[in-house]
Each structure stands twice: as C-alpha cells, then as structure tokens.
Chemist: 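My questions all concern the structure below.
Because only heavy atoms are used, hydrogens play no part in the values below, and waters and symmetry mates are left out as well, while side chains stay in.
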Amino acid sequence: MPDTIQEENINRAVLVGLNAHSLPDEDNSTDTTLEELEALLETAGGEAAAVVLQKRDTPEARTFIGEGKVQEVKELAAANGANLIIFDNELSPAQVRVLTEEMGVQVMDRAALILDIFAKRARTSEGRLQVALAQYKYLLPRLTGMWTHLVRQNASGGKSPIGTRGPGETQLETDRRHIRRKIQKLEDDLREVRRVRAVQRDRREKNEVPVVAIVGYTNAGKSTLLNRLTGSEIPANDRLFDTLDTTTRTLEISDTCTVLISDTVGFIRKLPHHLVEAFKATLEELKYADLLLHVIDSSNEEWRTQAQVVDKLIRELGAEQTPCIRVFNKCDRYSPEIRPHGEDVVCISAKTGEGLDELIAAIGRRLDSGARRVQLCIPYDQGGVLDRLYREAKVENVEYTDVIQVTAVCTPKTLGQVRQFLTPEDEAPQNVT
C-alpha cells in the first residue's frame, strides 16, 4: 500500500479553491465546499492556516489559479507556517508537479486528502484492499516528478547488483511497471471478494431474508441509526468518514419478518472516481438490496445538495431501481415548522429515538412478505414436504408423534403449496395471505 501522508506533514495547510464560470457547478469551489474541505483536513489530523477562494473565468492550464495567485498563496503559506497546500478542486498530475515546484511545499488536491483519510480509517482486509487499489490508480499518472532518483540502471558495471545491469531502464519505468502489477493483484483479490459476496447473496435470497442498506452523505448519522435500530455499539463519532467498513446486523421488524440491515461508507461531493470504482465490491450490494434507507441530515442547510450527491452516486452504482425510504435524521435540530413529509419519507432523531417506530413500520410495509407462523401435521409418507419447508420456510420446531408436527413461518407462496397439511385453526382461507 502506498505511504500515506504523515501527520507531521499536515499540521498546518492553506486551503485553496477556484470558482470558474467555465467549470461545471459540481467541480467548482464555494465557501461551503471549502468548509467541508477544512472538516476533511481536521479528520486527517491537520488544521487550516488560511483559506483562499479565487474567482476567474477559466482555470489557468499550467498552474490552475494563475501565476499571480500562486505567488500570493506561497507568501500566505510562509507567513502562516503552513507546510502543505490543499486544493478543493481536482488538479491534473502536471499541475500538482508545477505547483509543488513553484510553492516550495507539498501540494495536493481534495481527492488525495480523501484517499489519505480512507487509508487511515480502513480496518478490514477488504477495506484496505479497496483503498490500496484507489491509491495506486491515483498514484500511477502522478509518478513523473515525484522521484528524485531517476537514475538509469545501465550496463556500465559499477556497483549495480547482479540482475539489474540490464538494457537501461529508468527508475520511473520500473516503478510504473511495479504499480501496474500491484493494481492487477488488487483487482484479482477484489474479484474474489465479489465472488464470495455473490455466494452469500444467493444464500440470503434462497432463505428469503430481505436486505436493507443504509446510505447517505458522510456524517448524516447512519451508524447512530444502525445502533438505535439493532442495539449495536458501532463507533459513531461526529466526524467525516467515521465508517468505512460495511457492518451488517439483524433487525426484527415483526415476529414473522426479520431483515439484514447494513451500514455503508458515507458519500461526499467530489468523491474520487478511483475510490468509487474500488469500493464497488462493497457498494454493489446497494444494487441487490431489497430496500435503501437514504439518511439525510435535516439540520444541515445544504441537505438538498447533499441528497442530490447521494442520489447521483446511487444511479452510478446501478441501484436507482431499488425501493428507497428517505430518512430525515436529526429532526430534533430541524428549525422550519413544516417537516419533510410524503410517501416513503420519515423524520427521526437517531440520537433521541424519536420517529424510530414510524421508520420500522415503513420498513415493514415495504418488506413484510405476509409470512405467517403456522402449525402443520405431515404424514410420514409425505416426508418430502418437510424437506421443502426446510428449503423455503423458517422451521422453528418439529415433533415426531403419530404424524410430523411442524411449526414454521411460511410465505404466502409456500402456504399455498402446503395448505392441505395445516391444522384446523390455521387452515381458514381468509387467514392465508
């Protein structure tokens, strides 16, 4: 895995953003996105020494912000003791190289900062695989200018070790080839992760266990909600990207309806493309979920924009057809008198527990299959029926008397197939959904 930024190198940073008429709105920098960038920097362990927002018609090709502004930022960094400059906009590899040389301190963009945070936060082997893949893909086109040791390995003898006195290859070319091999290995490993997930998904589908995925903007309260619903104790802190590794728990909607509910990594504006690609092994679960809970921080004035970011990423992941309930969290801090409302909209406070009963009821309306707990009496010569129940229903108890007495939770489809074996109190047609 590539080396991440050391904490001592990001103690103080100047944050720079460009708002240009020629850039799409989602690529522009604003006061709000710079505040978000400052929060990201704090999450990474650093602090903002100064903030610069420049407005111009179009980015400058070589330095992005123009020579005059480069000199201004350089002087600002020196005056404030900053040893890092972070751009809110995406920079090309050439621009990073030029800006680093001209400003005399390390320059990086928002994508690099997010990757660094992810590298520090990932805990599971799968999460680390995904972050490493994103880092290497980000690093590959940026190798030029990052090395000071572009010394040729030539056949002139000297102290070159045996096996390196070859046809003459720059260190840069060697490093590129090494990183491409790393990327190939990580992609192979993640394909295996996807294969295992597909097997697990098939098993869940056979058992007819619905899957609920919690999605939302980073720091919207997803982990707190999962804890409230399931009684878990997943760390939930007030900071960006506190959850990177997917956590799945069981949630009982009713005595005949149980679902699996999963927390996912938070989304954010300008999320690095490589990161989205790398995390598809995890995020593709959204496409196969039976229901999405889109958690929205209703106390944030930017909640509409944040919700649009999440909706866009859901579409990119191919999950736009998955049923979705919009969960407006932090309603205890929502100031307008009229709360968001409508079909598949629920207002809650994961912190206080307000509205959770309504949310569980909404999940039940979407996912409760109409399963019923019933008693069946199966003759011994019909033993294949019991095999079917084990495959297609939730068998809770079996007693062998003069017949096979079974207690099971059955879906309407299964009930229709075994109706003749129902006990008298369960066989009334109006009770079978």
Side-chain angles (χ1 to χ4, degrees), residues 192-214 226 229-232 246-263 284-293 318-319 321-325 344 357 359-433:
E192 176 63 16
V193 169
R194 279 182 161 178
R195 187 192 67 77
V196 171
R197 282 186 178 274
V199 171
Q200 294 170 340
R201 192 161 51 239
D202 289 343
R203 189 177 300 125
R204 288 199 303 263
E205 289 173 354
K206 286 180 181 177
N207 294 334
E208 296 187 1
V209 180
V211 176
V212 178
I214 302 177
L226 182 62
L229 288 174
T230 65
S232 303
T246 301
T247 303
T248 302
R249 295 289 186 269
T250 300
L251 172 63
E252 288 193 9
I253 300 298
S254 67
D255 62 347
T256 58
C257 180
T258 300
V259 304
L260 292 176
I261 184 164
S262 298
D263 191 7
E284 73 174 355
E285 289 291 296
L286 303 186
K287 185 165 57 176
Y288 298 102
D290 298 283
L291 179 66
L292 301 182
L293 300 184
Q321 299 302 320
T322 304
C324 181
I325 295 175
D344 290 331
D357 290 341
L359 175 58
I360 291 173
I363 296 172
R365 286 194 295 272
R366 276 289 189 172
L367 297 181
D368 196 328
S369 62
R372 290 176 53 219
R373 179 177 289 103
V374 293
Q375 307 287 328
L376 303 105
C377 294
I378 304 171
Y380 281 95
D381 61 356
Q382 297 287 332
V385 174
L386 181 58
D387 293 336
R388 166 176 284 176
L389 289 172
Y390 274 117
R391 290 195 309 271
E392 300 178 5
K394 181 181 178 183
V395 177
E396 296 182 339
N397 186 56
V398 178
E399 291 184 13
Y400 295 90
T401 58
D402 54 335
V403 292
I404 306 173
Q405 296 182 352
V406 181
T407 303
V409 177
C410 301
T411 62
K413 177 182 176 182
T414 305
L415 276 175
Q417 296 167 339
V418 300
R419 182 177 299 176
Q420 68 188 92
F421 305 107
L422 291 172
T423 58
E425 59 268 26
D426 284 320
E427 66 184 3
Q430 66 269 23
N431 289 339
V432 180
T433 306

Chemist: Can you tell me how far CG of Asn397 sits from CD of Gln375, rounded to the nearest 0.5 angstrom?
Modeler: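 One gets 8.0 Å once the value is rounded to the nearest 0.5 Å.
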Chemist: Using 0.5 Å steps for rounding, measure from the SG atom of Cys324 to the CZ atom of Arg366.
Modeler: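 Rounded to the nearest 0.5 Å, the SG-CZ separation comes out at 9.0 Å.
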Chemist: When rounded to the nearest 0.5 angstrom, what is the spacing between OG1 in Thr411 and CD in Glu392?
Modeler: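 Rounded to the nearest 0.5 Å, the OG1-CD separation comes to 7.5 Å.
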Chemist: Measure the CD-OG1 distance between Glu399 and Thr407 for me, rounded to the nearest 0.5 Å.
Modeler: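 Output value for this atom pair is 7.5 Å.
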Chemist: Is there a side-chain contact between Leu415 and Leu422, using heavy atoms and a 4.5 Å cut-off?
Modeler: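 Yes, side chains in contact.
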Chemist: What pair of heavy atoms forms the shortest contact from Ile363 to Ile325, and how long is it?
Modeler: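 Nearest pair, atom of Ile363 first, then Ile325: N-CD1, 4.0 Å.
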Chemist: Testing the basics here: between Ala408 and Leu376, what is the closest heavy-atom pair and its distance to 0.1 Å?
Modeler: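 Distance-wise, the nearest heavy atoms are CB-CD1, 4.5 Å.
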Chemist: Please report the interatomic distance CD1(Ile261) to CD1(Ile214), rounded to the nearest 0.5 Å.
Modeler: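 Reported to 0.5 Å precision, the distance equals 4.0 Å.
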Chemist: Test of understanding: with side chain to side chain contact (heavy atoms under 4.5 Å, CB included), list the residues that count as partners of Asp357, not counting sequence neighbours.
Modeler: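 Result, side chain to side chain contact (heavy atoms under 4.5 Å, CB included) vs Asp357: none returned.
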Chemist: For Val403 versus Cys377, what's the shortest heavy-atom pair and its separation?
Modeler: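 Nearest pair, atom of Val403 first, then Cys377: CG2-CB, 4.0 Å.
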Chemist: Can you name the closest pair of heavy atoms from Gly364 and Ile253 and give their distance?
Modeler: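 In terms of heavy atoms, the two residues are closest at CA-CG2, 3.5 Å.
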Chemist: Who are the side chain to side chain contact (heavy atoms under 4.5 Å, CB included) partners of Tyr400, not counting sequence neighbours?
Modeler: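 Tyr400: side chain to side chain contact (heavy atoms under 4.5 Å, CB included) contacts with Tyr380, Leu386, Val398, Ile404.
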Chemist: Taking all non-hydrogen atoms of both residues, which atom of Leu229 and which atom of Leu251 are closest, and how far apart?
Modeler: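 Residues Leu229 and Leu251, closest heavy atoms: O-CD1, 3.3 Å.
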Chemist: Given side-chain contact (heavy atoms from CB on, under 4.5 Å), test Leu359 with Leu293 step by step and report yes or no.
Modeler: CA-CA 10 Å; Leu359 175 58; Leu293 300 184; 4.2 Å; yes
Chemist: Looking at NZ of Lys394 and CG of Leu389, how far apart are the two atoms once the value is rounded to the nearest 0.5 Å?
Modeler: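 Rounded to the nearest 0.5 Å, the NZ-CG separation comes out at 14.0 Å.
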